[in-house]
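To start, the structure itself, in C-alpha cells.
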There are 2 protein chains.
Amino acid sequence: MQNSRSKPCSCPSLKLREVASMYFTMVAAFLVILVVALQGSAPRQSDFPYKVPLDPQGLLELSWNVSYPEQAVHFQLLIRELRFGLLFGMSDRGEFENADLAVLWSDGHSSYFGDAWSDAEGQLHMDSQQDYQLLGARRAPEGLYLLFRRAFSTCDPKDYLIEDGTVHLIYGILEKPVHSLQAINVSALHGGLQRVQLLKPNISIPQLPSDMQTMEITAPDVVIPSQETTYWCYMAELPEGFPKHHIIMYEPVVTAGNEALVHHMEVFQCAAQFDSFPHYNGPCDSKMKPDRLNYCRHVLAAWAMGAQAFYYPEEAGLAFGGPGSSRYLRLEIHYHNPLVFKGRRDSSGIRLYYTATLRPHDAGIMELGLVYTPVMAIPPGEDSFTLTGYCTDKCTQLALPAAGIRIFASQLHTHLAGRKVVTVLSRDGRERQVVNADRHYSPHFQEIRMLKEEVAVFPGDELITTCTYNTEDRSRATVGGFGILEEMCVNYVHYYPQTQLELCKSAVDPGYLHRYFNLVNRFNDEEICMCPQVSVPQQFYSIPWNSFNRDVLKSLYGFAPISMHCNKSSAVRFPGEWEKQPLPSIIERLREPVPRCPPSPEPQPAAPVPLNLGQLRR
Amino acid sequence: MQNSRSKPCSCPSLKLREVASMYFTMVAAFLVILVVALQGSAPRQSDFPYKVPLDPQGLLELSWNVSYPEQAVHFQLLIRELRFGLLFGMSDRGEFENADLAVLWSDGHSSYFGDAWSDAEGQLHMDSQQDYQLLGARRAPEGLYLLFRRAFSTCDPKDYLIEDGTVHLIYGILEKPVHSLQAINVSALHGGLQRVQLLKPNISIPQLPSDMQTMEITAPDVVIPSQETTYWCYMAELPEGFPKHHIIMYEPVVTAGNEALVHHMEVFQCAAQFDSFPHYNGPCDSKMKPDRLNYCRHVLAAWAMGAQAFYYPEEAGLAFGGPGSSRYLRLEIHYHNPLVFKGRRDSSGIRLYYTATLRPHDAGIMELGLVYTPVMAIPPGEDSFTLTGYCTDKCTQLALPAAGIRIFASQLHTHLAGRKVVTVLSRDGRERQVVNADRHYSPHFQEIRMLKEEVAVFPGDELITTCTYNTEDRSRATVGGFGILEEMCVNYVHYYPQTQLELCKSAVDPGYLHRYFNLVNRFNDEEICMCPQVSVPQQFYSIPWNSFNRDVLKSLYGFAPISMHCNKSSAVRFPGEWEKQPLPSIIERLREPVPRCPPSPEPQPAAPVPLNLGQLRR
C-alpha cells in the first residue's frame with residue numbers, strides 16, 4: 001500500500017506530483033554526490049532478497065534481509081536521484097510524527113548520517129543512542145546505495161520495535177541544504193509511506209516435483225485507469241475436464257515498470273454451484289460487472305507488494321480442478337496510482353505452479369474470528385476498542401482429527417476501522433502460542449503470510465482472535481456486517497490436512513445483548529427507545545455513548561455467553577448445542593516477550609557519522 | 001518497617017532468630033575478609049546523610065545519599081560480620097523473587113561483586129547490564145563498608161526503577177561459600193526487607209529563630225513488650241496556660257541501641273472539646289486504655305524509620321497551645337520486635353522545636369481522598385483495583401483564598417489492602433502536577449513526607465486522589481470504613497496559610513449505587529437479595545463477583561456523580577449543593593516521565609568484579 005502522507009487540510013497526491021516534477025527538473029539544484037563508503041564491494045542481489053519501491057515512481061527502492069540469529073534487519077536503500085538527503089524510518093501507523101528515523105543530510109558541502117526521532121510536532125532530534133548503523137554507501141550507475149543495519153529491538157524508548165506483521169515505512173526527501181538535523185521538521189517534507197512485512201519468515205523452500213506445470217492468471221493488457229485506486233477484475237477459466245491438481249506454489253507476475261503501481265493481487269475460485277460464469281475484464285466496481293462474479297470468493301492465491309513466492313508445505317497442496325470444483329477463476333488487482341499516470345499498460349497477475357501428482361494432503365482454509373453480525377459493535381470515538389471471536393474447545397473436539405491439523409499460513413481481515421489482529425492458541429485454559437499477530441495491521445495491506453513455524457492444533461484446543469479498532473473519526477456505533485463501514489474480525493488460516501470445519505467463529509449471545517439494551521435504558525436518565533422491535537443496529541445507533549454505556553458493553557463482551565458457529569460450510573453447522581456457550585476462560589496469558597537489550601554489536605554514540613563526499617556540483 | 005520475609009508455611013521470626021544465633025556462634029565458619037578497595041579514603045558521615053538498619057539486630061546498616069543532578073543514589077552498606085557474602089536490592093513489594101540485586105559473594109578464596117536479578121522462582125542470574133556500580137570496599141573496626149552507586153533508572157528491563165515514595169529494600173545473607181552467582185537461589189536464604197523513602201527531597205533547611213525552644217515528648221522508660229508488634233501509647237500534656245506557639249521543626253529521639261526496634265512514632269493533639277484527658281502509659285490496644293484517648297487524633301508530628309528532622313517552611317509553623325487548643329498530647333510508638341527481644345528498655349519519642357515568635361502563617365492539614373463510607377467498595381480477588389476521591393473545583397473555588405495555598409508535605413493513608421496512592425492537581429480539566437505519588441505504598445510505612453517542591457493550589461483547582469488496592473487474599477468485598485479490614489483512601493496534605501477547609505473528599509452518589517445493585521440483580525441469572533432495606537455492606541457482600549459485576553462497578557465509579565464533602569470540620573459542610581455533583585472530567589493526563597537512558601557514566605559489562613581478598617581464616 002502506497003499512501004501519500006496527508007495532514008488534514010493538504011492535498012497529498014498533488015504534493016507527490018510536485019515532488020515528481022521537481023525530480024525531473026532539478027537541473028538547477030545542488031547535487032550532492034556521496035562517494036565510496038565504509039564497505040567497498042557491491043553486495044550481491046541474494047544478500048537482499050526482499051525488495052519494494054518506497055515512492056509511487058520507484059525513485060527510492062528498498063531491499064533488505066533479516067538475520068534472526070542477530071535479531072537485526074540489514075537495509076539497502078537505492079536512491080536514484082539524491083538531492084540534499086533523505087529520511088527513512090518507521091512509525092506506528094506511517095505518521096511522520098513520533099517516528100524513528102535514519103537521516104542522510106547534506107549542508108551542500110558535507111554529508112552526514114544519523115539516527116533520529118521526531119517528536120509529536122514533527123521536530124527532528126538526534127537520538128541519544130544510534131541504532132541505525134551505517135554499514136556503507138556506494139555509487140552505481142543507477143544511483144546511490146546506502147547500506148545500514150537496525151536491530152529488531154533496542155533499549156531506546158525513542159526507537160520503533162520491529163515486530164512480526166506489518167511495518168509502516170516512511171520516507172521524506174530533503175530538497176534544500178540543511179545545516180543540522182535539528183533544523184528539520186518532518187511535517188514540512190515531501191514524503192510518503194509504504195507498508196511491508198519486514199520480518200519475513202525464514203522458511204526453507206520445499207522440494208518441487210519434476211512434473212510441475214505453470215499457469216499464468218494475468219490481466220490481458222489492461223490500461224491502468226488514471227485514478228488513485230482501482231480494483232480490476234478479470235475472469236479466467238480452467239480447461240474443460242481439467243482434473244484435480246495441487247497448487248504447490250505461486251508467485252507474482254508484475255509487468256516491468258509497474259512495480260510501484262501493482263499494489264496487491266488475488267486469485268479467487270468461483271462457487272461450484274453455478275455451471276458457468278460470464279467473461280469480464282474491467283473495474284470491479286463497474287456497473288457493467290455481472291453480479292454473479294460476487295460468487296467468486298474462495299481464495300486460491302494472494303499476493304501483496306513486497307511479498308515473494310508462496311510455497312505450500314511439502315505434505316500438502318491446494319486442490320483445484322476436478323469434479324466439485326468450479327472451472328472459473330477471478331483475478332483481482334488493486335492498482336494504486338496516486339500520481340495519476342495516464343495510459344500505463346499492465347499485464348500483471350499470478351503464476352500458479354501445480355502438479356498432477358497429488359501430495360499426501362489437501363490444504364484447507366478455515367475462518368476464525370467473529371460472525372458477521374451487528375450484535376458485535378464498536379462504540380464511536382474509541383481509539384482502541386477490542387472485539388474477540390472464539391473457536392471453542394467443543395468445536396475443535398468435534399471437528400478436528402485426533403492427529404490434529406497444522407496451520408502454515410494466515411491472512412488477517414478487517415474492514416476500515418481495524419488496527420490490530422491477533423490469534424492465540426489456548427489449551428486447557430492456558431495460552432500456548434501466537435498463531436499470527438499483527439500489532440500494526442492495516443486493512444490496506446492484507447497478505448497471506450507464511451507462519452514462522454507451523455502451529456499444530458488438536459481437538460480441544462481453542463483459537464482466540466482479537467481485533468482492535470479505531471473509531472475516533474466516527475460519530476455513531478460501528479456494527480458487525482458486510483458493509484465497508486461495518487466491521488469484521490477474521491483470520492483465514494491455511495492448514496492441512498483439510499477437514500470439514502470451514503468456519504469456527506462466534507458472536508455474543510443475542511439474549512444477553514438484549515439485557516444490555518434494557519440496562520442502558522434503565523440506568524441512564526435519558527429516555528431512549530430501546531424497543532425490541534427495533535433492529536440491533538438501530539438500537540446501537542440510539543445509545544448515548546457515555547463512559548458507562550461504553551464500559552458496560554466492553555464488560556458484556558468479556559462476560560456474556562456466546563453463540564458458536566462451528567460450521568461445515570458457511571451455512572451448515574456441525575450437530576450439537578451451540579447457543580449460550582460459556583466464554584473460554586483463560587487462566588494463564590502468554591507473556592509479552594521482553595526485548596533483548598542491548599543489541600549486539602553495541603550501539604554507537606549519539607553523533608552523526610560524516611560521509612566522504614565527492615565534489616559538489618551545481 | 002522491618003519484616004522478616006516469609007513464605008506461606010514458614011515461621012519467619014524463628015528463621016531470623018536462627019540467623020542471629022548463627023552470627024553469635026560462627027566460630028567454625030569461614031570468615032571472608034575483604035581488604036581494601038577501589039577507593040582508599042574513608043567517606044565522611046556527611047557524605048551519606050540518610051541511615052537505616054536493614055535487619056532487626058542492626059548487623060547490616062545502610063547509609064545513602066541522593067544526587068539529583070546525576071539521577072543516582074550512592075549507597076554505603078556496613079556489614080558488621082561478613083560471612084560468605086550478601087545480597088542487597090530492591091523489589092516491587094519486598095519479595096525476593098523478581099528482584100533487582102547487588103550481590104557480594106565468595107567461594108572461600110575469592111570474592112566478587114555483581115549486579116544480578118532473581119526470576120519468578122528465586123533463581124539468581126547475572127544481569128547483562130551491570131548497573132549497581134561498585135565504588136569501593138573498606139575495612140573498619142566496626143565491619144566492612146561496601147560503597148556502590150545505582151542510577152534511578154537504567155535501560156535494563158530487569159532493573160528496578162527507583163521512584164519517589166516507598167522503596168522496598170531486601171537483604172539476604174550467604175552462609176556458605178558459593179562458586180557462582182547462578183548457584184544462588186534467594187528463596188532459600190535468610191533475609192528480610194526494610195521499607196525506606198530512598199529519594200529524599202533536596203530541601204534547604206530554613207533559618208531557625210534565636211528564641212527557639214525544644215520540648216521532648218518521650219515515653220518514660222518503657223519495657224518493650226517481647227512480641228513482634230506493639231503500639232505504645234503515652235499521654236503528655238502542655239503546661240497550664242501555655243500560649244500559642246509555632247512548631248517549626250521536629251526530630252526523632254531514639255534510645256541508643258533501639259534503632260532497629262523503633263519503627264515509627266506520632267504525636268497527636270487531643271480534641272479541644274474535653275477539658276482533661278486521663279494519664280496513660282501502656283499498649284494502645286490494652287483494655288486498660290481509657291476510651292477518651294480515641295479523641296487524640298490531630299497529628300502534630302510523625303516520624304518513621306529512615307526519616308530525618310522535619311522542617312516547616314520559613315513562612316509557616318504548626319500552631320499549638322493557646323485558647324481553643326487542647327493541652328493534651330498522645331505519643332504513639334510502633335515497636336517492631338520480630339526477634340522478640342526481652343526486657344529492652346526504651347525512652348524514644350519526638351523532640352519538638354517551637355517558637356513564641358509566630359511566623360506569618362499557621363500551617364494547616366487538609367484531608368483529601370474518599371469519605372469513610374461503605375458505598376466505595378473493592379471486589380474480592382482483585383490484584384489492583386483503584387478507587388478515586390475528588391476535591392472538586394467547586395469546593396476549592398469556595399474555600400481557598402484567591403492567592404491560593406501551598407502544599408509542602410503529605411502523608412498518605414490507607415488500611416491493609418492499600419498498594420499505591422497518588423494525588424494529582426488538575427486545572428481546567430488538565431492534569432498539571434503530581435502532588436504526591438507512592439507507587440510502592442505500604443500501609444506499614446506511613447510517613448509525613450516533605451514534597452520536593454511546594455505545590456500551589458488555587459480556587460477552581462481539582463485535587464484527585466487515587467488509591468490502588470489488592471484484595472487477592474479476600475473472599476468478600478472490602479467496603480470503605482474505619483475498621484482495619486475496611487478501607488480508606490486519604491492524603492493528609494500539610495499546607496499554608498491555614499484555611500477553614502479541613503476536608504475535601506467524595507464518594508459515589510448513593511442513588512447511582514442503588515441502580516447498580518438493581519442492575520446486578522436483574523442482569524445475573526442468580527436470584528440475589530438486593531433489597532433496599534439491607535445495608536450497603538450486606539448488599540456488597542451478597543454480590544456474586546463475576547467479571548461483569550466487577551467491571552460494571554468499576555464503570556460506575558468512573559461515571560456516576562459524586563457526593564462531595566467540602567467541610568469546615570469533619571461534620572460541618574460549606575454552604576452549597578454538594579450532592580449529585582458531576583465527576584471532574586480530565587481532558588489531558590500527565591504523561592509518565594520517560595526514564596533517562598542510558599545512565600551516565602556508562603553501565604559496566606556483564607561480568608562480576610573481583611575484589612582483592614585478604615587471607616582466608618577459618
Side-chain angles (χ1 to χ4, degrees), chain A residues 98 117 119-120 127-131 153-159 508-509 511-525 544-561 580 582-583 585-586 591-600 602-603 605-606, chain B residues 98 117 119-120 127-131 153-159 508-509 511-525 544-561 580 582-583 585-586 591-600 602-603 605-606:
Chain A
N98 299 315
W117 55 276
D119 61 25
D127 206 338
S128 62
Q129 191 177 307
Q130 295 284 295
D131 293 296
S153 75
T154 70
C155 278
D156 185 344
K158 296 294 180 196
D159 283 354
V508 70
D509 174 73
Y512 271 76
L513 184 68
H514 184 64
R515 289 192 206 181
Y516 167 76
F517 288 136
N518 278 338
L519 177 167
V520 162
N521 217 355
R522 285 216 188 81
F523 196 89
N524 292 267
D525 286 327
W545 287 107
N546 57 43
S547 76
F548 186 77
N549 295 340
R550 201 174 63 215
D551 288 353
V552 175
L553 182 65
K554 248 185 239 184
S555 309
L556 179 90
Y557 287 146
F559 170 75
K580 286 207 171 26
L583 276 190
S585 73
I586 299 296
R591 289 211 199 153
E592 288 287 315
V594 175
R596 269 194 355 194
C597 299
S600 58
E602 288 293 309
Chain B
N98 299 315
W117 55 277
D119 61 24
D127 205 337
S128 62
Q129 190 177 307
Q130 295 283 294
D131 291 298
S153 74
T154 69
C155 278
D156 185 344
K158 296 294 181 195
D159 283 354
V508 70
D509 173 73
Y512 271 76
L513 183 69
H514 183 64
R515 290 192 205 180
Y516 168 76
F517 288 137
N518 278 337
L519 176 167
V520 163
N521 217 354
R522 285 216 188 81
F523 196 89
N524 291 268
D525 286 328
W545 287 107
N546 57 43
S547 77
F548 185 77
N549 295 340
R550 201 173 65 214
D551 288 353
V552 175
L553 182 64
K554 247 185 240 184
S555 310
L556 179 88
Y557 287 147
F559 171 75
K580 286 208 173 21
L583 275 190
S585 73
I586 300 296
R591 291 212 197 150
E592 288 286 317
V594 175
R596 271 194 351 194
C597 300
S600 59
E602 288 293 309

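In what follows, chains carry the letters A, B, and so on, assigned in the order in which the sequence lines appear, proteins first and then strands, with residues in each chain numbered from 1.
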From CA spacing to verdict: side chain to side chain contact (heavy atoms under 4.5 Å, CB included), A/F559, B/F523:
CA-CA 11 Å; A/F559 170 75; B/F523 196 89; 4.0 Å; yes
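Here the closest heavy-atom approach between residue B/F548 and residue A/L519 is recorded as CZ-CD1, 4.0 Å. Residues B/D551 and A/S555 share a closest heavy-atom pair of CB-OG, 2.9 Å.
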